[in-house]
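As structure tokens, the structure follows; a few thoughts come after it.
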Amino acid sequence: MSRYSATEIEAKWQAAWKEAGIFQARRSADKPKYYVLEMFPYPSGRIHMGHVRNYTMGDVIARYKMSTGHNVLHPMGWDAFGMPAENAAMASGGHPKDWTYSNIATMKEQMQPLGLSIDWTREFATCDPEYYGQQQALFLDMLETNLVYRKNAVVNWDPIDMTVLANEQVIDGKGWRSGAEVERRELTQWFFDISSMAGELLEALDGLDNWPAKVKLMQSNWIGMSRGIEIPFERTDGGEAISCYSTRPDTLRGASFLAISPEHPLSRALAESRPDLAEFIAETRKMDTTEAAMEKAEKKGIDTGITVRHPVWPDQELPVWVGNFVLMDYGTGAVYACPAHDQRDLDFARKYDLSVEPAFHMPGDSSPIETEALVPAKTEKVVYIDHFAGLDEATSQEGIDRTIDWFEARNLGKAQVKYRLRDWGLSRQRYWGCPIPVVHCEACGVVPEKKENLPVQLPNDVSFDIPGNPLDRHPTWRDVPCPSCGAPAKRETDTMDTFVDSSWYFARFTSARAETPTEAEDAAYWMNVDQYIGGIEHAILHLLYSRFFARAMNMTGHLPESAREPFDALFTQGMVTHAAYVNAERKDPHGRKLYHYPEDVTSDGAGHFTVKETGEAVLVEPSTKMSKSKFNVVDPLNIIASYGADTARWFVLSDSPPERDVEWTAAGAEAAHKHLNRVWGLCDRIGAMDADATGEGDEDLLREMHKAIRDVTLGVESFGFNAAIARLYGFTNVLLKSKAGAAAQKQAIMTLAQLMSPMTPHLSEDIWHHQGGEGLIALAPWPVADEAMLVEDTVTMPVQVNGKRRAEITVAKDLPKDEIEKIALAERAVQRSLDGNPPKKVIVVPGRIVNVVA
RNA sequence: GCCCAAGUGGCGGAAUGGUAGACGCAGGGGAUUCAAAAUCCCCCGCCUUCACGGGCGUGAGAGUUCGAAUCUCUCCUUGGGCACCA
């Protein structure tokens, strides 16, 4: 059989689509709109299989929606600011801008052959001044609305690269790039007030019915709500009371000391006259804050000498300690410790010889606390010891609730809801990011740049030969007159976190060239994103930030109220993985594993692999995410060159469910290509048939066709792409074996081409064209299953005896239950199983099954 | 430690209360061919049987049901998220 020329037909149909301009989105009142978006790429320089899978899924949805009468918006852009561009500049002496735009050009060129239905007229890069200028306008509006503010904060500081690092960029206490010991430094930084929206961001998750439960749960945990109480503890020396937050006030009887954070105002005040305390605080600052280090870090403290009164039993005096384990930015930065019912408090109490008093014990067991704290589940009943709220035996949850009521009734404390979510620090001491549009004036303080002066553009004449932020040492860029008083002032040299750029790009796509961040009519028409598709790795940060920004943009008049939740449906797709081949005989010169590219390895067909050139034995490592370091990257361009884009698209959608990882295998790609060739070959067969000749089984073929329409439609609509593809294999197999007449076969293959068209758009166009289909298949209306054709006259039902299948009967579709029962019982195999005894009971589910209970 | 998800042939997976293993890969056999590639046809969960058939089978154990991969409980394993959060 001749193979079809993918290169030829793919280029041909891409040109036809372009010519017809069918992917350019315009507002229209005639059709319902549909906005499908894939998370836009970082322009690293090359597209990879993960991109192919992500964009193919979006394309399937976009093309399907287009053929079901929707006005589709399917845009693409570039998340273009970020450290890799600066690192490349540092390494090779180029400019981040050149590096980025040249990568964009390359990647765009690599994406073209995939045949995606993208509206390229809306393309932008976040490093375009036209984009980041609008982002600066947004920033100024948010500043006015108090959604962004400046404060002192302790941050991770890399002393060699001279920049702030995000927590994720600190590995084992060292800067991920420089390897320098990271210091904790207090800096004045800009923050988005995302924590004020914590409650709403949490509650609104409930309404996101078309988001994966997993993502909602992750966000919910991240926001981390807790209910508790804030209780002031009076100081015996008359100083300001110390307020503590607790979620377990029912343990208050066991309070033995207070622990306050080293960053607590009281600690700082005391440190001024207590050198030992000052030293302790400085030491804590140096402490590594990574998880692993926290686990090992010793709980240390120092006695302040101050004492407070117990709020319920005022004659009890509790010492106040500074504890290195108390966080300043959660709760009030001060806790009361109850060693009997908290393991950490107990360890601390034993170490510094502080008292351990239980607040309750388990029913029938009042043995004293030794080295293990008693921490019952909240639903477990405990016996409270001389409890103030009149509790005796109750669950901890009841104890907590009643204690809070008791305190509130006496005005001794206040019920509080707290969130783990902290404000989003957006300042970065980097060059390649969006400049923060403010000016620092000695007389006026922080002055926002005037909107007419936007964009505040990055200067081009910068160098990366010395560490630090080039904007800081630029000779002229910083020096500007104060927008308010005109006196000489300094521009802010920090730029924005690149997560800001990706937090509103979806809104910008609705009017990509507007002179304002968005344009009201366009935003109202196109928002929300109907289907958003991307990786699970963005489950928290990007998606949470975008939800915050959509709200902020609504508050500042840039998005309608209805767009406060910007993504109606979210789908998180899995990765493309590949086996890795590691040399079994030697290591690389650095003593590390030596990997080989899949194409350099050959198999003997019996599970043994060798390096083609040297014949060395190779071990196959389990499939993992494609990465350069493991040499297991398959370049989409190579695949497209040898098989065509349709094969690549077909393969990444087949086999695995889209939310799971899919393993790329050469055999799988080959099989996909083989199948597309088989479909292609059908065209020849039908072309060679006598158009008027009749065949056998026309109706059977058409019935199968309508079933395929039903199943594939359902599969595409429910993200069951693998199932839809399996169904298409099935229908193709039926068509290949069919002896139906030319007319029926022609109808079948044209429908097959349509059903395949979201996945294999080029091949489908070509078949459509060959069979005389009108216009472009991309614009043809999606086939609809004929209900009447789906109904068969007879049904085949299994017959079970005691749940085991014994026979199969074929009966008329609407045969009454008792008739079906008679036929089932008459079956020889059923009789044999019954062994002559009458059945106890017979269950007949018409059209489904018969179950005989012996 | 807390929270969540998933365990089905040699492999990816299908079936969401009704014939377990669709579809694809790998494997076996055959046709075609001088030969190979390509292509086409047949077989393919495990045990047992010449065969017909029979038994077992969805991580393990129990339960609900006429009927469970699917629902419930306990346990095991793997993966993910969070974690000095008071």
Side-chain angles (χ1 to χ4, degrees), chain A residues 1-3 212-222 224-226 228 244-249 251 259 261 287 289 291 293-295 297-299 323-327 329-338 341-345 347-348 375 418-422 536-537 539-540 605-607 623 651 654-657 660-663 665-672 674-675 677-678 681 711 720 722-733 736-737 796-808 829 832 839-845 847-854:
Chain A
M1 187 198 290
S2 68
R3 292 208 159 195
K214 183 189 168 87
V215 173
K216 288 191 279 186
L217 187 71
M218 280 164 72
Q219 291 219 356
S220 168
N221 288 340
W222 184 264
M225 185 183 79
S226 71
C244 295
Y245 176 68
S246 173
T247 55
R248 293 299 303 266
T251 64
S261 167
M287 203 171 77
T289 52
E291 279 175 32
M294 296 283 212
E295 200 66 41
E298 210 178 339
K299 290 0 171 203
N324 66 353
F325 58 89
V326 185
L327 304 172
D329 47 10
Y330 187 80
T332 59
V335 295
Y336 80 76
C338 177
H341 305 300
D342 183 290
Q343 192 59 45
R344 188 191 53 207
D345 292 347
D347 295 344
F348 194 89
V375 189
K418 300 260 184 217
Y419 299 94
R420 213 186 63 97
L421 184 66
R422 296 180 206 168
I536 187 78
E537 67 274 20
I540 296 171
S623 208
F651 179 73
S654 60
D655 289 354
S656 288
R660 269 191 241 173
D661 293 351
V662 65
E663 184 183 3
T665 60
E670 184 66 48
K674 197 162 86 178
H675 176 74
N677 269 301
R678 257 199 302 255
D711 296 346
N722 57 323
I725 283 185
R727 196 62 190 76
L728 285 164
Y729 270 109
F731 179 52
T732 306
N733 291 342
L736 281 162
K737 291 196 170 90
T796 301
M797 294 163 63
V799 182
Q800 296 181 336
V801 178
N802 289 336
K804 290 194 196 307
R805 181 179 163 277
R806 294 297 170 190
E808 204 171 78
R832 192 169 51 212
K840 285 201 187 108
K841 195 174 171 187
V842 180
I843 289 119
V844 179
V845 186
R848 283 282 190 191
I849 203 166
V850 180
N851 193 12
V852 180
V853 186

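Quick note on labels: first sequence line is chain A, next is B, and so on, each numbered from 1. Hydrogens, waters and symmetry mates play no part in the numbers below; they use all other heavy atoms, side chains included. The shown structure was predicted, so the numbers you read here are calculated from the model rather than taken from an experiment.
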**Message:** Any base atoms under 4.0 Å from K840(A), or only sugar-phosphate, or nothing? Heavy atoms, all strands.
**Reply:** nothing
**Message:** Between C85(B) and C76(B), how many Å separate the two C1' atoms, rounded to a whole number?
**Reply:** 32 Å
**Prompt:** Is a donor-acceptor contact shorter than 3.5 angstrom present between the side chain of K214(A) and the base of C4(B)?
**Reply:** no
**Asked** In whole Å, what is the span from the CD atom of E537(A) to the P atom of G79(B)?
**Response** 19 Å
**Request:** Would you check if V852(A) and N802(A) make a side-chain contact, meaning some heavy-atom pair closer than 4.5 Å?
**Result:** no
**Request:** Runs of at least three consecutive Watson-Crick or G-U pairs, both distances under 3.5 Å, are what I'm after; which ones involve RNA chain B?
**Result:** B:1-7 with B:76-82, B:10-12 with B:23-25, B:27-31 with B:39-43, B:45-48 with B:53-56, B:59-63 with B:71-75
**Request:** Can you tell me the distance, in whole Å, between the CG atom of N221(A) and the P atom of G1(B)?
**Result:** 18 Å
**Item:** Nearest-0.5 Å distance that lies between atom NZ in K216(A) and atom CG in N221(A)
**Value:** 13.5 Å
**Prompt:** Which whole number of Å gives the distance between the C1' atom of U19(B) and that of G63(B)?
**Reply:** 25 Å
**Asked** In whole Å, what separates the C1' atom of U39(B) from that of U32(B)?
**Response** 9 Å
**Message:** Please compare W222(A) and T247(A) by the position of their nearest nucleotide in RNA chain B and report the one closer to 5'.
**Reply:** W222(A)
**Prompt:** With rounding to whole Å, what would you report as the distance between U64(B) and G55(B) at their C1' atoms?
**Reply:** 26 Å
**Prompt:** How many angstroms lie between CD1 in I536(A) and NZ in K214(A), if you round to the nearest 0.5 Å?
**Reply:** 5.0 Å
**Request:** To the nearest Å, give me how far apart NZ (K841(A)) and P (G67(B)) are.
**Result:** 9 Å
**U70(B) to U58(B) separation - P atoms, rounded to the nearest Å** = 9 Å
**Item:** Integer-rounded Å distance: A83(B) P and M218(A) CE
**Value:** 11 Å
**Message:** Can you list everything that forms a side chain to side chain contact (heavy atoms under 4.5 Å, CB included) with V335(A)? Sequence neighbours excluded, please.
**Reply:** A259(A), V326(A)
**Item:** For E537(A), all residues meeting salt bridge (Lys or Arg N to Asp or Glu O under 4.0 Å), sequence neighbours excluded
**Value:** none
**Prompt:** With sequence neighbours left out, what residues match D711(A) under salt bridge (Lys or Arg N to Asp or Glu O under 4.0 Å)?
**Reply:** R727(A)
**Request:** Among the candidates C25(B), C42(B), A86(B), find the nucleotide nearest to the side-chain atoms of V335(A).
**Result:** A86(B)
**Asked** Taking only residues two or more places apart in sequence or in another chain, which ones pass salt bridge (Lys or Arg N to Asp or Glu O under 4.0 Å) with R806(A)?
**Response** none
**Message:** Can you check the distance between C41(B) and C46(B), where both ends of the measurement are the P atom (answer in whole Å)?
**Reply:** 24 Å
**Item:** Residues that T796(A) engages under side-chain hydrogen bond (donor to acceptor under 3.5 Å, both in side chains), provided they are two or more places apart
**Value:** T810(A)
**Asked** Considering residues at least two apart in sequence or located in another chain, which fulfil the side-chain hydrogen bond (donor to acceptor under 3.5 Å, both in side chains) criterion with D329(A)?
**Response** R422(A)
**Request:** Enter syn or anti for the glycosidic conformation of G45(B), syn applying to angles within 90° of 0.
**Result:** anti
**Message:** Output one letter per nucleotide in nucleotides 9-24 of chain B: B when a protein non-hydrogen atom lies under 4.0 Å from the base, S when only the sugar-phosphate is that close, - when neither is.
**Reply:** ---BSS---BB--BSS
**Atom-pair distance (CD1 on I540(A); C1' on A83(B)), nearest Å** = 12 Å
**Message:** Distance check, P atoms only: G67(B) and A20(B), in whole angstrom units.
**Reply:** 14 Å
**Request:** Return the nearest nucleotide to the side chain of R420(A); candidates are C66(B), C85(B), C25(B).
**Result:** C85(B)
**Request:** Would you kindly give the OH-to-C1' distance between Y419(A) and C82(B), to the nearest whole Å?
**Result:** 18 Å
**Prompt:** Between L217(A) (CG) and C3(B) (C1'), how many Å, whole number?
**Reply:** 7 Å
Give each protein N/O atom lying under 3.5 Å from an N/O atom of nucleotides 54-64 of chain B, with the pair distance.
{"from": "G55(B)", "atom 1": "OP2", "to": "R806(A)", "atom 2": "NH1", "distance (Å)": "3.3"}

**Message:** Applying salt bridge (Lys or Arg N to Asp or Glu O under 4.0 Å), can you list everything that pairs with D347(A), at least two apart in sequence or on another chain?
**Reply:** none
**Prompt:** Can you list the residues that meet the side-chain hydrogen bond (donor to acceptor under 3.5 Å, both in side chains) rule with Y330(A), with sequence neighbours excluded?
**Reply:** S226(A)
**Item:** Atom-pair distance (CG on L327(A); C1' on A83(B)), nearest Å
**Value:** 11 Å
**Message:** Just N and O in the side chain of Y330(A): are any of them under 4.0 Å from OP1 or OP2 of A86(B)?
**Reply:** yes
**From CG (L327(A)) to OG1 (T332(A)), nearest 0.5 Å** = 11.0 Å
**Asked** Reckon V326(A) touches a base, only the sugar-phosphate, or nothing at all at heavy-atom distances under 4.0 Å?
**Response** base
**Counterpart residues, ring pair (Phe, Tyr, Trp, His ring centres under 6.0 Å), relative to F348(A) (two or more places apart)** = F257(A), W321(A), F325(A), Y352(A)
**Request:** Using the P atom as the reference point in each nucleotide, state the distance between A69(B) and G18(B) in Å, no decimals.
**Result:** 10 Å
